[in-house]
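In what follows, a structure is listed as structure tokens, so that the remarks can point back to it.
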Amino acid sequence: MLKVRLMGTKNDITWFKKIMQRHPKIEVLELSDRYPNKGTDKYYRVYAEVKKRNIKEK
């Protein structure tokens with residue numbers, strides 16, 4: 001399992017969260033709420049827990 005911190009604009013974070021959730025080799029276990037970064041109103045952070053998805057070939 002990996003713990004990942006995403007940092008960026010609201011749009012950047014939303015874009016990358018969708019990529020992670022749709023990727024066939026990644027299972028997203030948990031996503032936190034979005035938190036504002038200190039000192040700016042442009043950048044935010046989200047914490048994610050992900051793991052390798054087991055896909056068996058036929």
Side-chain angles (χ1 to χ4, degrees):
M1 184 212 21
L2 293 172
K3 292 187 177 191
V4 181
R5 179 173 64 184
L6 306 176
M7 290 178 41
T9 64
K10 289 180 184 180
N11 289 338
D12 290 340
I13 291 172
T14 301
W15 165 75
F16 198 74
K17 279 171 41 176
K18 288 178 184 176
I19 288 174
M20 285 194 310
Q21 290 170 329
R22 292 177 184 161
H23 198 285
K25 292 186 178 182
I26 298 173
E27 182 179 348
V28 179
L29 302 173
E30 188 174 332
L31 284 168
S32 74
D33 294 331
R34 187 175 54 226
Y35 301 102
N37 280 355
K38 293 180 182 175
T40 180
D41 58 354
K42 183 178 179 182
Y43 296 106
Y44 296 84
R45 65 191 185 280
V46 170
Y47 300 94
E49 289 186 10
V50 299
K51 73 174 190 174
K52 181 179 174 182
R53 183 174 285 162
N54 293 324
I55 301 174
K56 295 186 179 186
E57 306 249 351
K58 291 183 180 180

Apply side-chain contact (heavy atoms from CB on, under 4.5 Å) to Val50 and Met20, showing your working. CA-CA 9 Å; Val50 299; Met20 285 194 310; 4.2 Å; yes

Step by step, work out the side-chain contact (heavy atoms from CB on, under 4.5 Å) result for Leu29 and Met1. CA-CA 9 Å; Leu29 302 173; Met1 184 212 21; 3.9 Å; yes

Mark yes or no for whether Arg53, through its side chain, and Lys25, through its backbone, hold a donor-acceptor pair below 3.5 Å. no

Crowding at OH, Tyr43 (>12 non-hydrogen neighbours, <6.0 Å): no

Cation-pi between Arg5 and Tyr47: NZ/CZ under 6.0 Å from ring centre and within 45° of the ring axis? no

Start with the C-alpha gap between Arg45 and Asn37, add the side-chain angles, then the distance that decides, and say whether side-chain contact (heavy atoms from CB on, under 4.5 Å) holds. CA-CA 7 Å; Arg45 65 191 185 280; Asn37 280 355; 3.3 Å; yes

Would you sort out whether Glu27 and Lys52 count as a side-chain contact (heavy atoms from CB on, under 4.5 Å), showing the intermediate values? CA-CA 6 Å; Glu27 182 179 348; Lys52 181 179 174 182; over 6 Å; no

Answer yes if the side chains of Asp12 and Thr9 hold a donor-acceptor pair under 3.5 Å, and no otherwise. yes

With hydrophobic residues grouped by side-chain heavy-atom distances under 4.5 Å, do Met7 and Phe16 end up in a single group? no

Under a single-linkage definition using a 4.5 Å side-chain heavy-atom cutoff for Ile, Leu, Val, Met, Phe, Trp and Tyr, are Leu31 and Ile19 assigned to the same hydrophobic cluster? yes

In Å, rounded to the nearest 0.5 Å, how long is the span from CD1 of Ile13 to CZ of Arg34? 7.0 Å

Atom OH in Tyr44, atom CG in Asn11: separation rounded to 0.5 Å? 10.5 Å

